[in-house]
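Structure first, commentary second.
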Protein chains: 2
Amino acid sequence: MTNTTTIKTIAETLGISISTVSRALQNNPRIGIKTRELVQKTAVQLNYLPNQASHLLRKKSTRIIGIMVPTLNEEFFCQIIDAVEEVVREKGYYLQIFQSKDIETRQLEGLNHFKYLRVEGVLVSLAAETSKIEAVSDLEKFGIPVVYFDRVPRNKMVHKIKSNVDLGTKEAIEFLRGKGVEKLAFINGPSLLDTSDDRLNGYLRGVMTYNLKTSPNMIKSTDLSEKSVADALPTILNEKPDAIFTFNDYIALYAMEACKKKGIKPNKDVLFVSYGNLPFTKYMDNPPMASVEQYPEKIGKEAANIMLERLGEKDTEPVQILVDTKLIIH
Amino acid sequence: MTNTTTIKTIAETLGISISTVSRALQNNPRIGIKTRELVQKTAVQLNYLPNQASHLLRKKSTRIIGIMVPTLNEEFFCQIIDAVEEVVREKGYYLQIFQSKDIETRQLEGLNHFKYLRVEGVLVSLAAETSKIEAVSDLEKFGIPVVYFDRVPRNKMVHKIKSNVDLGTKEAIEFLRGKGVEKLAFINGPSLLDTSDDRLNGYLRGVMTYNLKTSPNMIKSTDLSEKSVADALPTILNEKPDAIFTFNDYIALYAMEACKKKGIKPNKDVLFVSYGNLPFTKYMDNPPMASVEQYPEKIGKEAANIMLERLGEKDTEPVQILVDTKLIIH
DNA sequence: CTGTTAGCGCCTTCAT
DNA sequence: ATGAAGGCGCTAACAG
């Protein structure tokens, strides 16, 4: 480090004590206005940079919140990050972003880094692969509050925010029914995800309510990759469904692509409906016919607010917040 | 903070000195294997967490690299981040990500935060709004090496990596010519951006080389927003161009959308070609006809390598690296 | 093999 | 209004 200006440097060049410098830098009124200004001017001249390490060592607060997302390559998570940042920056917090890439070891590494950095709280959307949720909840043992969002753990009394997909799912199935759909397939995400459960349950409920036809071969789990979707598709198409409901827009696009390759026209031979309503689908000529909007900004905002609350108070009761969804027809 | 275990706590509960604990924790061979294991076991039991502040105060190295991007909502930058992370994590560095949202004050705030965090280096893709590049280059005064990527400053002897769009641009224009295009319009990014210059120069060169028709009304700058594109379009369309070349895929999509609203069929009445070749265009039925691939992973990798190099040596000569581009026909 | 000691840069009583 | 001194948690000589 070329720069080694400390308050001591300033004190020496000015021939005053370091405590005076320290106070002057903090605009402490007990310091004469002249010395105060002199000190501050000198600080700038010498490229003085407060040392967060020593500062932290005394004051304990880093004002950093860690946020763990599966990936930055999905607009959904970027929008959540934006919303969270918006809320916390007002309170003077910064975000440390980490992507798990859905790999448990990476997630763990990130959490350790968060601990080491002494982040004051952690927002987590679990890696699809997560087997031991304890690795995450352990943060609480270190006094670091954890708030889960979107990919939240099942059956756990923790603070979590996720979509209430029920309404959107219902609307989606009604929409399809209106289009004359009788046989409805479903391509889901990994069965480890709580959000996969929610979607599947809604799907099954809708199928029963409206007496739609389905079969085990029409319900497939995937790991969200394009390949796993392409692999699952033939079995589904064999059953000749009228429509396919998918875990998210990406899955729908993958499936639609695979259909095209087989000479099957998406949204004509087979209708598509999905979750997510990603912004770029707006610019597509043939996007999924409709998509369940999850309002990521709202999820991010809620998550951030709960985190700020937890940062303030000691023991807040675990809250589970559900953000309503709505079908958007394209 | 619930957790207040320090090496001192461990030392006291074990009745040994803190330096023994410190060494044991570092796997120092000078400590007996038995005490070493005992210490480590106790550390886990007490939820000991090394304090990075005090550690940093002594060791000086944070192993954090700051990366400033305009936005996370563009896949292009996410891909660069991924590549950078890939390279630096191997050397034990972590990334502190910050988005400027193309706002200069936010960019400045982020840089200050980087400084305060004592990041060891900063990778920057400038905010479109940037007027005073000094605010960025000043980091060097603090001994923090800066490497620019993609949105790099003009006329500056600094370390920078950007696309060499010339080849791709040439190919794009040849492609359009092959389609019978004679009149070619151009929707550019903000004129402050170096990358806008490059594109414009390539366009003008191509227009001259192949004797295409253009006019001032067919060349428009935008601030990359959908609105500014929509605003620029009528003037351009008035000139009845055969094709429109755009700064990036987003701009093309915005323009195509605006065309549709006017009853003009994109890629039929007016052809579109752009830069970026964003992954999701693959799933569109009617994307820009072709797009200049910029290989963001390569840009990220190069940027990361230069940063690592600068982190190692003292004074490296400013290097300007150009990453080749290539037209991808959709 | 283990303990003692002196800081890293800063803030903060307690004096003056 | 200013200075002196102690300590935050940890590491690294320097002693045993």
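It should be emphasised that the depicted structure is a prediction, and the values quoted were computed from it without experimental measurement. Below, chain A is the first sequence line, B the second, and so on; all start at residue 1.
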Give a yes or no answer on whether the side chain of B:Q79 reaches the backbone of B:P296 with a donor-acceptor pair at less than 3.5 Å. no

What I want to find out is whether A:E134 reaches A:K141 closely enough, with some N-O distance under 4.0 Å, to be called a salt bridge. no

Could you write nucleotides 9-16 of chain C as a row of B, S and -, 5' to 3', where a protein heavy atom under 4.0 Å of any base atom gives B, of only sugar-phosphate atoms gives S, and otherwise -? BBBBBB--

Angle between terminal axes - the helix from C:dC1-D:dG16 to C:dT16-D:dA1, 5 pairs each end, rounded to 10°: 40°

Hydrogens and angles aside, do B:T130 and B:Q107 bring a side-chain donor and acceptor to less than 3.5 Å of each other? yes

Quick one: does B:K162's side chain have a donor or acceptor within less than 3.5 Å of a partner on B:T195's backbone? no

So B:I16, base contact, sugar-phosphate only, or nothing? Heavy-atom distance under 4.0 Å. sugar-phosphate

Check: A:K160 main-chain N/O paired with A:Q320 side-chain donor or acceptor under 3.5 Å: no

Determine: side-chain N/O of B:S17 to OP1/OP2 of C:dG3, distance under 4.0 Å, yes or no. yes

Nucleotide range of DNA chain D contacted by chain B, 5' to 3', under 4.0 Å to a heavy atom? D:dG9 to D:dC14

Set of ring pair (Phe, Tyr, Trp, His ring centres under 6.0 Å) partners for A:Y93, sequence neighbours left out: none

Under 30°, 30 to 60°, or over 60°: which ring-plane class applies to B:H113 and A:Y94, parallel, tilted or perpendicular? parallel

Quick one: which of A:I144, A:V146, A:V136 gives a side chain to side chain contact (heavy atoms under 4.5 Å, CB included) with A:L111? A:V136

In short, salt bridge (Lys or Arg N to Asp or Glu O under 4.0 Å) pairs touching residues 79-103 of chain B with sequence neighbours left out are A:D82-B:K101, A:K101-B:D82, A:R106-B:E85, A:E109-B:R89, B:D102-B:R151

For residues 6-15 of chain B, dump all side-chain donor-acceptor pairs below 3.5 Å to protein atoms at least two apart in sequence or in another chain.
{"unit_1": "B:T6", "atom_1": "OG1", "unit_2": "B:K8", "atom_2": "N", "d": "3.0"}
{"unit_1": "B:T6", "atom_1": "OG1", "unit_2": "B:T9", "atom_2": "N", "d": "3.3"}
{"unit_1": "B:T6", "atom_1": "OG1", "unit_2": "B:T9", "atom_2": "OG1", "d": "3.3"}
{"unit_1": "B:T9", "atom_1": "OG1", "unit_2": "B:T6", "atom_2": "N", "d": "2.8"}
{"unit_1": "B:T9", "atom_1": "OG1", "unit_2": "B:T6", "atom_2": "O", "d": "3.2"}
{"unit_1": "B:T13", "atom_1": "OG1", "unit_2": "B:T9", "atom_2": "O", "d": "3.4"}
{"unit_1": "B:T13", "atom_1": "OG1", "unit_2": "B:I10", "atom_2": "O", "d": "3.0"}

Whole-Å distance separating the CG atom of B:L14 from the C1' atom of C:dT2: 13 Å

